[in-house]
Amino acid sequence: MPALRPLDASLDLTLEAATDTAEAPRRELFASKRVAPSILSSDFSRLGAQVDEVMAAGARLIHVDVMDGHFVPPITIGPLVAASIADLVHDKGGAIDVHLMIERPEDHIEEFAKAGADNITFHAEATPHINRTLNAIKELGCLAGLAINPGTPVSAVSESVNDADVFLCMTVNPGWGGQPFIADSPDKVRRLANLVGAGTIEVDGGIDPATAGSVAAAGAALFVAGSAVFGADDPAAAYAAIAEAAGAA
Ligand code: DX5
Ligand code: ZN
């Protein structure tokens, strides 16, 4: 049963306005050129400290990889972990970038929105309800992203060009960190950029100082990096090197 609106509607509107004000700068982060460290490769026994470390180096988008053991073989983390770092990230002016590698993503978006996600990306291959899911994510107050696997043609997003905020082009097969960058990816990113026009393109997988420049030149603006950041001896220096190669903040 839907919740009844409170009698004092003006109070409710004030609260909504306050929330919008806090969210606006976080949304703008997704419209800039940014490296997004993926906590998949972090040391989970000291997750907060690892997030602090990359944010001190300038990171503002923290990428959260959710895997369900069905869409991809591994099971990783869920909304509890996203919620555990959301305040820390938001208090430092950052945003949570959730990447759902799960079947039936439409059944789980509300949990992630409540956990503090600022952007929720799901896979075009994971649901027949792309349009409904993009709109539902936006109704929950988040940016909406649509991802495609390496074997999926860019035309899979053609009917969503005006509905998605972020288009995620996988540059490895989803499921694991530390895989090599697929060499044909810059060409695919170029074709995706032609298709989505002003839409933001995110790349994910095998991004490091040697590969970031090629996808940046092809039109990518958001660069997810897991093992190249958290697998390095000095994650802050690794973050800076990738950002420099990508021409990102
Ligand atoms: C892979 C995940 C990636 C992963 C990238 O399925 O979506 O975000 O963390 O890891 P690296 O940067 O190590 O390829
Ligand atoms: Zn990811």
Side-chain angles (χ1 to χ4, degrees), residues 30 34-44 47 50-51 54 57 59 61-79 81-82 85 89 95-103 105 108-109 112 117-126 142-152 164 166-186 188-189 200-216 220-233 235 238-243 245-246 248:
F30 290 89
R34 291 264 164 200
V35 173
S38 163
I39 61 169
L40 183 65
S41 295
S42 69
D43 176 351
F44 279 90
L47 180 57
Q50 294 253 276
V51 169
V54 291
L61 296 184
I62 301 298
H63 187 81
V64 177
D65 285 307
V66 180
M67 308 188 193
D68 66 352
H70 294 278
F71 182 69
V72 289
I75 297 173
T76 57
I77 55 176
V81 173
I85 57 168
V89 171
I96 301 281
D97 180 29
V98 169
H99 178 193
L100 299 179
M101 286 161 276
I102 65 174
E103 289 178 1
H108 299 278
I109 54 178
F112 285 95
D118 297 286
N119 174 68
I120 301 177
T121 292
F122 64 95
H123 274 258
E125 305 87 353
C142 301
L143 296 175
L146 187 58
I148 51 172
N149 284 338
T152 300
V166 173
F167 299 87
L168 191 161
C169 182
M170 290 302 304
T171 43
V172 300
N173 284 295
W176 301 271
Q179 302 178 82
F181 179 80
I182 294 173
D184 291 341
S185 299
K188 186 173 184 182
V189 169
T200 295
I201 295 181
E202 183 169 25
V203 285
D204 187 357
I207 302 298
D208 61 22
T211 59
S214 65
V215 271
L222 304 177
F223 306 83
V224 178
S227 55
V229 172
F230 290 111
D233 290 340
Y239 170 85
I242 301 166

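In listed order, ligands and their atoms are each counted from 1. All figures in this text were calculated on a predicted structure; none of them were measured in a lab.
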Item to check | Heteroatom count (protein N, O or S) under 2.8 Å of the Zn ion (ligand 2) | outcome: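 That number is 4, waters not included.
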Next on the checklist: If the contact criterion is a heavy-atom separation under 4.0 Å, does Val172 count as touching ligand 1?
Outcome noted: no
Checklist entry - Closer than 4.0 angstrom: is that true for some heavy atom of Ala228 and an atom of ligand 1? => result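 Flag not set, Ala228 not near ligand 1.
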Check ligand 1 against [X] and write out every atom of the ligand that is under 4.0 Å from a heavy-atom position of the residue.
{"X": "Ala225", "answer": "12 (O)"}
{"X": "His63", "answer": "8 (O)"}
{"X": "Leu40", "answer": "4 (C), 9 (O)"}
{"X": "Trp176", "answer": "1 (C), 6 (O)"}
{"X": "Asp204", "answer": "2 (C), 3 (C), 4 (C), 5 (C), 7 (O), 8 (O)"}
{"X": "Pro174", "answer": "6 (O)"}
{"X": "Met101", "answer": "6 (O), 7 (O)"}
{"X": "Val224", "answer": "8 (O)"}

Of the listed options [options], closest to [atom] (non-hydrogen atoms):
{"atom": "atom 9 (O) of ligand 1", "options": "Pro37, Ser38, Ser42, Ser227", "value": "Ser38"}
{"atom": "atom 12 (O) of ligand 1", "options": "Gly177, Gly226, Ala147, Gly205", "value": "Gly226"}
{"atom": "atom 11 (P) of ligand 1", "options": "Pro74, Gly178, Ala36, Gly175", "value": "Gly178"}

Closest non-hydrogen atom pair, [X] against [Y]:
{"X": "Phe30", "Y": "Ile96", "result": "CZ-O, 4.1 Å"}
{"X": "Ile242", "Y": "Ala225", "result": "CD1-CB, 3.8 Å"}
{"X": "Pro174", "Y": "Pro150", "result": "CD-CD, 4.1 Å"}
{"X": "Ile77", "Y": "Val66", "result": "O-CG1, 3.2 Å"}
{"X": "Ser38", "Y": "Asp65", "result": "OG-OD2, 2.6 Å"}
{"X": "Phe181", "Y": "Gly205", "result": "CD1-O, 3.7 Å"}

Return a yes/no value for [X]: is any of its N or O atoms, backbone included, closer than 3.5 angstrom to an N or O of ligand 1?
{"X": "Ser41", "answer": "no"}
{"X": "His99", "answer": "yes"}
{"X": "Asp65", "answer": "yes"}
{"X": "Gly206", "answer": "yes"}

Checklist entry - Roughly how far apart are Lys188 NZ and Ile182 CD1, rounded to 0.5 Å? => result 8.0 Å
Checklist outcome for this item: One should read off an interatomic distance between Ile85 CD1 and Ile39 CD1, to the nearest 0.5 angstrom, of 4.0 Å
Next on the checklist: Less than 3.5 Å apart, any donor N or O on the side chain of His63 or Asp204 sitting next to an acceptor on the other?
Outcome noted: yes
Next on the checklist: Does any part of the side chain of Phe112, heavy atoms only, come nearer than 4.5 Å to the side chain of Val64, both counted from C-beta?
Outcome noted: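 Sidechains of Phe112 and Val64: no contact.
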Check: [X] side chain, [Y] main-chain N or O, donor-acceptor pair, under 3.5 Å:
{"X": "Ser42", "Y": "Phe230", "result": "no"}
{"X": "Glu125", "Y": "Asn149", "result": "yes"}
{"X": "Asp43", "Y": "Gln50", "result": "no"}

Taking distance alone, no hydrogens or angles, what donor-acceptor pairs closer than 3.5 Å link side-chain atoms of residues 209-216 to residues at least two apart or in another chain?
from	atom 1	to	atom 2	distance (Å)
Thr211	OG1	Gly206	O	2.8
Thr211	OG1	Asp208	N	2.9
Thr211	OG1	Asp208	O	3.4
Thr211	OG1	Asp208	OD1	3.2
Ser214	OG	Thr211	O	2.8

